[in-house]
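For reference, the structure I am asking about is given below.
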Amino acid sequence: TTAHIGVTGLAVMGRNLARNFARNGYTVAVHNRTATRTRDLVRDFGDEGSFVAAETAEEFVAALERPRRLIIMVKAGAPTDAVIDEFAALLEPGDVIIDGGNAHYADTRRREADLRERGLHFVGAGISGGEEGALHGPSIMPGGSAEAYESLRPMLESIAAKAEDGTPCTTHVGPDGAGHFVKMVHNGIEYADMQLIGEAYHLLRDVAGFSPARVAETFRQWNTGRLDSYLIEITAEVLSHTDAETGKPFVDVVADQAEQKGTGRWTVQTALDLGVPVSGIAEAVFARSLSGHTDLRSASGHLPGPAASPLAPEEAERFAEKVEQALYASKITSYAQGWNMIRSGSDEFGWGIDPGAVGAIWRAGCIIRAAFLDRIRSAFAARPDLPTLLADDHFGKEIGEAQADWRSVVATAVGHGVPVPGFSAALASYDALRSERLPASLTQAQRDFFGAHTYRRTDRDGSFHTLWGGDRSEVSSD
Ligand code: 6PG
């Protein structure tokens, strides 16, 4: 038998992806460094479709129809390079290697260029949706040559999640690193979303005085409205879960330290390099790292704050409604920042990414899937040159209607000593963007004062310097 596609690296993501292809009628060659995993897959799931178990890399490559298409599902970084080297040596011009891991887009660019020189196609595909998504339909973000994408398209479309209108959640994102870049930003948005949800939960508990079960109920209700999303849905599930051992709310027995594997950090590092402000994502990454700093936290635990005073029950209901507004407005702001970053990466690397198409393929399958994504898709479809999501009439109107409650929630949080870095950074970004004048004029003047860094004027063109140490006259510095 010749296989349509091969999957090497059969940890849970690779295994589920292989099963997804097989369940969709494709013959799948499967391979793993330790062959027991390969045998286990065929033993446990062989009846789901057609698998060709390959013990060695040579057998694996020999099992594939031409042009060969093989997906690597191993750890990002050095393990991925090692596997690429091993297989590239066995392939022939025109064959396609797909990296389905969470690779850094810069690594993908390097690998794509190397393999292109050797006549091979390299597709860096972001795959979102966790284990369940890999099996039942992930959102797939492939980057690479258009030719390679075309040869994969039918297979990717068939295994991808389908949006409500039936469209498969995959598209040719752009050349080389475009797919992994977009996946990275997806994860950055995921961090920001999770942080905002966490802040809403914190406020509902400590300010509104709700029990975890009541907060779960609130989230469940929000999930029937404009916040309808996978992350809100699982939040309600987590909050209504009781720890079997202690009988306490599960959320109260989990250590309050959030870990990270690195994609959120990459998003922020890359944003700094591109000079694009993504404060919501940055605050989310910092909030996770602060939570893990037990040293700093225990050294600061004695510091004073306001006395705890939950709201009266009659105020709490209204406050919860305001929190929904604040959460939604902050979410729009974070997503706008994420899309600004996609545009900036696309411009920097000449990828030509279609912002609306990104919204379209995130509608289902991925971790940030939400009803909201279809509105982002349509905002960019209606106006492909939309400079930012906040400039969309619809989102602009919604955020305008939410802004008073948003401010009130941030002010209440500050008054109660509840940290809301995500809500407040989003609000600060909103206010800064709509400000006619920013104090950046002062910053620039200070730079000119101490370093003769020059400034531009509001009333005429050119570049100027004031002789601060002399008679303070202005000289042109063009
Ligand atoms: C996805 C997820 C997935 C992974 C995250 C978790 O899209 O399916 O984003 O890629 O669960 O990388 O990231 P952290 O471990 O950094 O929270």
Side-chain angles (χ1 to χ4, degrees), residues 9 11-17 20 71-77 79-80 98-105 107-108 124-143 156 159-161 163 169-171 173 177-198 229-235 237-238 254-271 278 280-292 334-335 338 341-342 358-370 373 422:
V12 63
M13 286 295 287
R15 187 185 65 205
N16 283 0
L17 211 60
N20 189 348
I71 304 192
I72 297 175
M73 295 297 293
V74 302
K75 255 179 133 81
T80 300
I98 303 118
D99 174 12
N102 264 333
H104 193 291
Y105 76 94
D107 286 336
T108 302
I127 300 182
S128 178
E131 299 172 22
E132 282 299 296
L135 183 59
H136 299 292
S139 170
I140 310 176
M141 296 151 250
L156 296 185
I159 68 155
C169 289
T170 186
T171 189
V173 176
H180 275 140
F181 184 93
V182 160
K183 174 58 166 54
M184 174 183 78
V185 177
H186 165 281
N187 282 27
I189 294 174
E190 172 185 309
Y191 276 52
D193 242 348
M194 291 166 72
Q195 175 63 24
L196 295 173
I197 290 172
S229 64
Y230 173 71
L231 284 172
I232 296 278
E233 177 192 325
I234 66 163
T235 301
E237 293 289 325
V238 169
V254 176
D256 61 346
Q257 295 171 32
E259 298 175 2
Q260 49 184 316
K261 291 204 299 279
T263 45
R265 182 169 60 237
W266 289 350
T267 312
V268 179
Q269 287 169 333
T270 305
V278 292
I281 301 170
E283 288 298 347
V285 174
F286 284 136
R288 287 197 193 186
S289 82
L290 186 149
S291 77
S334 304
Y335 279 62
M341 177 158 180
I342 290 172
V358 175
I361 66 171
W362 288 350
R363 286 180 296 174
C366 67
I367 302 295
I368 65 167
R369 62 185 180 263
L373 266 317

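Counting begins at 1 with the first residue of the sequence. Start at 1 and go down the list; that is how both ligands and their atoms are numbered.
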**Request:** With rounding to the nearest 0.5 Å, note down the distance linking CD1 in Ile189 to NE2 in His186.
**Result:** 8.0 Å

**Prompt:** Does the side chain of Pro142 come within less than 4.5 Å of Val173's, by heavy atoms?
**Reply:** yes

**Asked** With hydrogens left out, which residues have an atom under 4.0 Å from ligand 1, given that only heavy atoms count?
**Response** Asn102, Ser128, Gly129, Gly130, Lys183, His186, Asn187, Glu190, Tyr191, Gln260, Lys261, Gly262, Thr263, Arg288, Ile367

**Complete:** Sequence neighbours excluded, the answer for side chain to side chain donor-acceptor pair (under 3.5 Å) partners of Gln195 is Glu199

**Message:** Counting C-beta onward and ignoring hydrogens, is there a side-chain heavy-atom pair between Met141 and Val358 closer than 4.5 Å?
**Reply:** no

**Message:** Using the side chain to side chain donor-acceptor pair (under 3.5 Å) criterion, which residues pair with Thr80? Sequence neighbours excluded.
**Reply:** none

**Item:** Residue pairs involving residues 180-193 (criterion salt bridge (Lys or Arg N to Asp or Glu O under 4.0 Å); sequence neighbours excluded)
**Value:** Asp193-Lys331

